[in-house]
Structure formats: C-alpha cells, structure tokens
Amino acid sequence: MKYRAIKGVRDLLPPEVNLWQEVESLTRRFFASYGYREMRPPVMEFTEVFSRSIGETTDIVEKEMYTFHDRAGRSITLRPEGTAPVVRAYIQNHLYTLPSPQKYYYIGPMFRYERPQKGRLRQFHQIGVEAFGEKDPRMDAEMLDMLRGFLERAGIEGLTFEVNSIGCEVCRPAYREALLGFLGEELGSLCPDCLRRYRVNPLRVLDCKAEGCRSLRERAPRIGEYLCTGCAGHFEALRGHLDALRIPFRVNQAMVRGLDYYRRTIFEVTSEALGSQDAVAAGGRYDRLVEEFGGPPTPALGFAIGMERLVMLIMERRGVKEPVPEVYFVTIGKEAEALSFRLASEMRGRGVWVELDYSGASLRSQLRKADRHGARYAFIIGEEEISAGVVRYKRLSDGEQGEVRIEGIYRFLGVE
RNA sequence: GUGGGCGUAGCUCAAUGGUUAGAGCACUGGACUGUGGCUCCAGGGGUUGGGGGUUCGAGUCCCCUCGCUCACCCCA
C-alpha cells in the first residue's frame with residue numbers, strides 16, 4: 001500500500017456515518033429549543049488565540065498544537081478546542097451588541113498532537129456550545145439541563161455528572177497558596193508525576209490515581225472552604241437549581257480543568273463504558289475571557305461533547321442499522337434493460353432508492369446481487385412482462401412475488 | 001514523550017526451525033438456460049509490515065525499523 005492516513009486520524013465510513021448524521025440532526029433540533037444557533041468558525045486561527053486563552057503552560061499549548069507558519073510568516077494553529085475561536089468571533093463580529101444572552105453551538109473537527117488511544121484521536125470532533133452575557137447560576141443549570149436532555153435523547157445511560165467550583169481570580173490564588181503550603185510539607189509522599197504537577201499545576205495532584213497521593217487528598221485543604229462569598233453563593237445557588245431540575249449530580253472537589261480560562265463552575269460527564277478516556281462532555285464558566293480578548297466584560301460559559309466518544313456509546317447500546325435499496329432491477333434482454341433504465345431514473349426522481357444491474361449476467365446472478373445488496377424488492381422485467389405492460393416483483397425477505405402494472409408502481413411501493 | 005500487546009489473503013485466524021504458507025468468511029462463476037438466501041464444486045487473491053543477521057534451511061530465533069492497539073501522561 002502506497003499511502004496511509006496520518007496517525008491518529010481516521011476515515012469515517014458508512015454505516016457509522018449514518019449515526020453521525022443522526023447525532024448532528026438531533027443536535028440542531030434539540031439545541032434550538034434552548035435558543036442556540038449555529039456558528040461555524042474557521043478550523044485555524046492565529047496561534048495567540050489559543051496560547052493566550054488556554055494557558056501558555058498547559059499541555060495543549062506546550063506540546064499538543066498543530067502550529068505552522070503560513071507563507072507570510074505568521075504563526076497559525078489548527079484549533080485544539082472550540083471556545084477560543086467562538087469568543088474571538090463573538091468580539092470580532094460585535095455580537096455583544098445583540099440582546100443577551102447570545103447562545104451558539106458548533107460542530108466540527110479539533111486537532112491535538114497526542115498519542116492516540118481508545119477515545120483519543122489527533123483529529124477528533126466536538127459539539128460545543130457557548131452562552132454569552134449571563135452570570136446568573138440558573139444559566140449554568142440551564143446548560144447542564146440541556147446537556148442532560150441531549151444525552152438522554154441520544155439514548156445513552158449510565159452517565160455520571162460531576163460539578164465543582166474552582167473559584168475566581170480572587171479566591172483561587174488563596175486556595176492555591178494553601179494547597180502549595182500543604183503539599184510542600186508532603187513532597188516525600190508524592191509520586192514522581194505529582195512532583196511535576198506540584199510545580200506546574202498543583203490542583204491536579206488531587207486528581208492523581210497513585211495510592212499515596214490519594215490518601216494525601218483526604219487531609220488536603222478543600223477548594224470549597226476557600227471560595228469567596230460571591231463564588232460560594234454562585235455554587236450554592238447552582239446546586240439548588242440542579243436539584244430543582246432533578247439533575248442528578250455529584251460535587252467533586254478534586255475535579256480540575258486543563259484550560260486556564262475557567263472560573264467558578266466546571267463540570268464533567270463521564271461514562272464507565274468508555275475506557276480510560278472516560279469524559280463524554282465537559283465545560284464550565286469563563287467569565288473573564290471575553291474581556292481578556294479585548295471585548296466588553298461579559299460573563300460566559302460553555303461545554304463540548306466528544307463526538308467519537310458519544311457515537312461509541314450509542315453504537316454499544318443499539319448498533320447501527322444499514323439503509324437498503326427499495327428496488328433492484330433484474331432484466332432479461334435489451335428491451336428490458338432500456339425500460340428499467342428509464343423507469344429507474346423516474347423513480348429516483350421521486351425519491352425511491354433504486355439500483356440497476358448493468359452486468360447483463362444471468363437472472364440468478366442478478367437476483368443474487370439484489371439479495372447481497374439487501375434490496376427490499378427485486379423488480380424483474382423480461383419479454384413476458386414487457387408485452388403485458390407489467391413488472392414482476394419479488395419481495396426478497398420472504399420470496400413472495402406477483403405482477404404490478406407499470407402505472408401502479410408508486411402505489412405498490414407506497415409512494416405518495 | 002514513556003511502557004505493554006499485536007503485525008500471515010479483503011476480514012477473522014492456523015502453520016514443532018524442515019516440501020510449493022493453509023482454513024473459514026467474503027468475492028467471481030458453475031451445478032440450477034426466467035428466480036436470490038441453503039448445499040456442493042471450481043476459481044481469483046500473499047513481498048508472512050520493511051530491512052539486516054543466525055542457520056544447510058526462517059512466517060517461526062536475534063537486532064533495527066515502521067505500523068496498529070491499549071495504558072501512562074493529558075483530555076472531548
């Protein structure tokens with residue numbers, strides 16, 4: 001084989017692609033009732049759009065971005081996530097002049113240079129939503145409600161909803177200091193990975209799977225105790241609203257986000273059926289990002305759903321059904337071939353899926369092909385049928401056959 | 001970036017260091033001249049991922065390399 005696809009990307013083929021189409025159409029229908037409209041930002045941006053928002057020291061920016069220089073020497077990056085481009089577009093197109101809140105969704109590919117594994121690709125796809133201009137915690141709850149409803153409608157079960165508040169620029173530094181102080185006394189019992197986390201992103205130590213670090217977590221200071229009154233009140237209200245909407249959730253004080261722009265609410269939806277990369281969807285608030293991008297102060301929040309992971313879960317639950325042709329023409333003789341050629345064109349024009357056989361092979365061979373294609377009906381035409389002005393139909397599921405006049409084909413098929 | 005597992009026909013897999021690398025499924029045709037599925041028969045299809053080495057002899061053993069996959073890391 002001369003060429004292969006690049007590592008970590010894949011071809012999306014039928015019948016799986018049918019499932020993707022279903023998911024996309026559910027997205028459009030379902031999100032619309034929450035007032036979300038589609039936005040289609042480009043798949044590439046100036047590199048700073050990502051490095052300034054996601055955080056210079058995050059893994060994504062440090063080692064996972066597809067970055068290159070265009071012919072004018074500018075640094076361009078294939079989007080590793082969707083929020084930053086949408087925020088950029090929100091500001092550039094003055095969408096903040098429209099009545100708040102402004103709610104948008106997008107569907108499309110993201111790119112991260114990582115080692116592929118189950119549920120993790122270098123080109124993957126997200127359904128993302130962003131809502132701008134509303135700080136009320138009911139907006140957070142509304143968004144989780146939409147996410148919950150969407151996943152339910154997609155037919156997925158056994159999901160865990162976790163929420164947390166990581167505070168704001170006022171209270172988070174205080175917690176960070178407290179945690180650093182605590183961990184500084186315990187460096188001896190940290191695993192090698194956590195020694196690195198201690199320097200880079202200490203909050204992540206709480207998330208460690210190693211035995212020693214886990215027991216440390218019990219005694220570590222908790223973010224909940226360090227939230228300022230604003231953040232604490234916001235979080236408490238959110239929990240109340242989630243209860244009111246009967247959204248089952250768990251508070252996970254160890255939950256951390258990998259992107260720097262998050263403030264206050266963060267959340268994650270996971271499934272045990274996914275393997276090690278178990279997050280189906282995740283998101284949170286980013287109340288300062290619009291301002292940092294040069295827009296007016298605008299509270300905002302959003303989430304993204306991993307489409308590959310979502311489709312994996314749906315496939316596991318109900319598989320994929322392959323659509324089949326309605327009619328497969330089987331002909332004997334030139335005259336019959338010509339007739340079926342014309343008929344097929346007309347039928348297709350009326351929306352019937354018709355397949356033709358150009359092989360000129362034996363009747364049995366043509367019928368076998370009709371069967372292999374999974375067609376519902378074989379339409380058989382030979383000299384007898386032509387002189388009688390009929391087609392002979394054979395229902396492939398049970399072999400029942402008979403004749404139908406050519407004018408009566410559509411009624412026979414239940415078309416119109 | 002690190003570690004484990006696996007690379008033989010389109011797919012799933014056999015083959016103790018020893019003939020010309022096989023089977024099932026799939027594909028094409030026939031048995032069955034205008035009736036599919038079931039059965040039987042036949043046919044096409046291979047650089048055993050690639051390179052080097054050991055050996056009288058390598059799909060099999062050794063080294064390198066590439067790919068896939070799972071996990072770590074990180075995340076959707």
Side-chain angles (χ1 to χ4, degrees), chain A residues 1 3-8 10 54-55 57-64 79-83 107-129 147 151 191-194 196-197 200-201 204 207-210 255-259 266-271 274-284 302-313 328 330-333 336 357 359 361-386 392-402:
Chain A
M1 205 180 318
Y3 298 113
R4 302 183 49 85
I6 293 165
K7 182 199 283 284
R10 68 188 198 115
I54 296 170
T57 63
T58 58
D59 274 21
I60 292 178
V61 171
E62 275 187 346
K63 50 194 191 196
E64 293 177 1
R79 63 181 183 193
E81 61 104 34
T83 298
I107 303 174
M110 305 292 160
F111 306 86
R112 289 182 202 172
Y113 192 88
E114 299 182 89
R115 283 287 284 268
Q117 69 183 77
K118 188 177 170 74
R120 192 172 75 183
L121 292 163
R122 288 182 174 180
Q123 177 180 336
F124 60 103
H125 298 76
Q126 289 186 339
I127 299 170
V129 310
L147 179 56
L151 294 169
C191 72
D193 276 331
C194 281
R196 183 176 50 79
R197 293 182 180 117
V200 178
N201 188 351
R204 212 167 269 294
D207 221 8
C208 185
K209 291 161 189 152
M255 184 166 58
V256 183
R257 298 275 72 204
L259 292 68
I266 59 172
F267 54 89
E268 205 166 284
V269 184
T270 57
S271 164
L274 275 179
S276 175
Q277 308 301 314
D278 61 357
V280 190
F303 67 73
I305 301 169
M307 283 188 84
E308 281 81 1
R309 295 178 187 179
L310 176 69
V311 168
M312 247 192 267
L313 291 173
Y328 192 100
V330 171
T331 57
I332 305 129
D357 195 312
S359 70
S362 68
L363 181 71
R364 68 180 299 97
S365 161
Q366 290 186 56
L367 268 169
R368 182 154 62 202
K369 270 162 92 173
D371 186 51
R372 300 261 161 93
H373 278 85
R376 215 177 318 274
Y377 289 102
F379 273 14
I380 304 168
I381 305 178
E383 282 177 24
E384 298 165 22
E385 287 77 17
I386 287 175
R392 171 160 285 275
Y393 70 84
K394 179 166 189 174
R395 188 161 61 204
L396 269 351
S397 58
D398 60 4
E400 185 197 287
Q401 52 179 313

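Here is how names work: the chains are called A, B, and so on, in the same order as the sequence lines, proteins then strands, and each is numbered from 1. In what follows, every heavy atom counts, from backbone to side chain, and hydrogens, waters and symmetry copies are set aside.
Residue side chain Glu62(A) does not reach the base of rG1(B) through any donor-acceptor N/O pair under 3.5 Å, judged by distance alone. Arg115(A) contributes a side-chain N or O that forms a donor-acceptor pair with the base of rG3(B) under 3.5 Å. For rU35(B), its base never sits under 3.5 Å from the side chain of Gln366(A) at any donor and acceptor pair. The base of rC75(B) is not paired with the side chain of Arg257(A) by any donor and acceptor separated by under 3.5 Å. If you check distances only, the side chain of Arg120(A) does reach the base of rC73(B) with a donor-acceptor pair under 3.5 Å. Counting atom types as modelled, Gln117(A) pairs a side-chain N or O with a base atom of rC73(B) as donor and acceptor under 3.5 Å. The base of rG1(B) lies outside donor-acceptor range of the side chain of Lys63(A), with no N or O pair under 3.5 Å.
Arg197(A) has a side-chain polar atom (N or O) that falls below the 4.0 Å cut-off from OP1 or OP2 of rC73(B). Taking 4.0 angstrom as the limit, Ser276(A) places a side-chain polar atom (N or O) nearer than this to OP1 or OP2 of rC72(B). The side chain of Arg122(A) contributes no N or O atom lying less than 4.0 Å from OP1 or OP2 of rC75(B). For Arg196(A), a side-chain nitrogen or oxygen approaches OP1 or OP2 of rC74(B) to under 4.0 Å. The phosphate of rG29(B) has OP1 or OP2 within less than 4.0 Å of a side-chain N or O from Ser365(A). Residue Lys7(A) places at least one side-chain N or O closer than 4.0 Å to OP1 or OP2 of rC68(B).
Note that Arg122(A) lies in the cation-pi zone of Tyr113(A), set by a 6.0 Å cut-off to the ring centre and a 45° limit from the axis.
Of the two residues near RNA chain B, Asn201(A) and Gly399(A), the one whose nearest nucleotide lies more 5' is Gly399(A).
Atom-to-atom, NZ of Lys369(A) to P of rG36(B) comes out at 16 Å; the value is rounded to the nearest Å. Distance CD (Glu64(A)) to C1' (rC75(B)): 7 Å, rounded to an integer number of Å.
The distance from atom CZ of Arg112(A) to atom CZ of Phe124(A), rounded to the nearest 0.5 Å, is 4.0 Å.
Between Lys63(A) and Glu114(A) there is no salt bridge, since no side-chain nitrogen of the basic residue lies less than 4.0 Å from a carboxylate oxygen of the acidic one. Comment: Asp398(A) engages Arg395(A) in a salt bridge, judged by a side-chain N to carboxylate O separation of less than 4.0 angstrom.
Counting non-hydrogen atoms under 4.0 angstrom, Glu308(A) reaches nothing in the nucleic acid. In this structure, Val330(A) reaches neither bases nor backbone, as no heavy-atom distance under 4.0 Å exists between it and the strands shown.
Base pairing of rG67(B): its partner is rC6(B), meeting the Watson-Crick or G-U wobble criterion (both donor-acceptor distances under 3.5 Å).
Comparing rA76(B) with rG3(B), their P atoms are spaced 27 Å from each other, to the whole Å.
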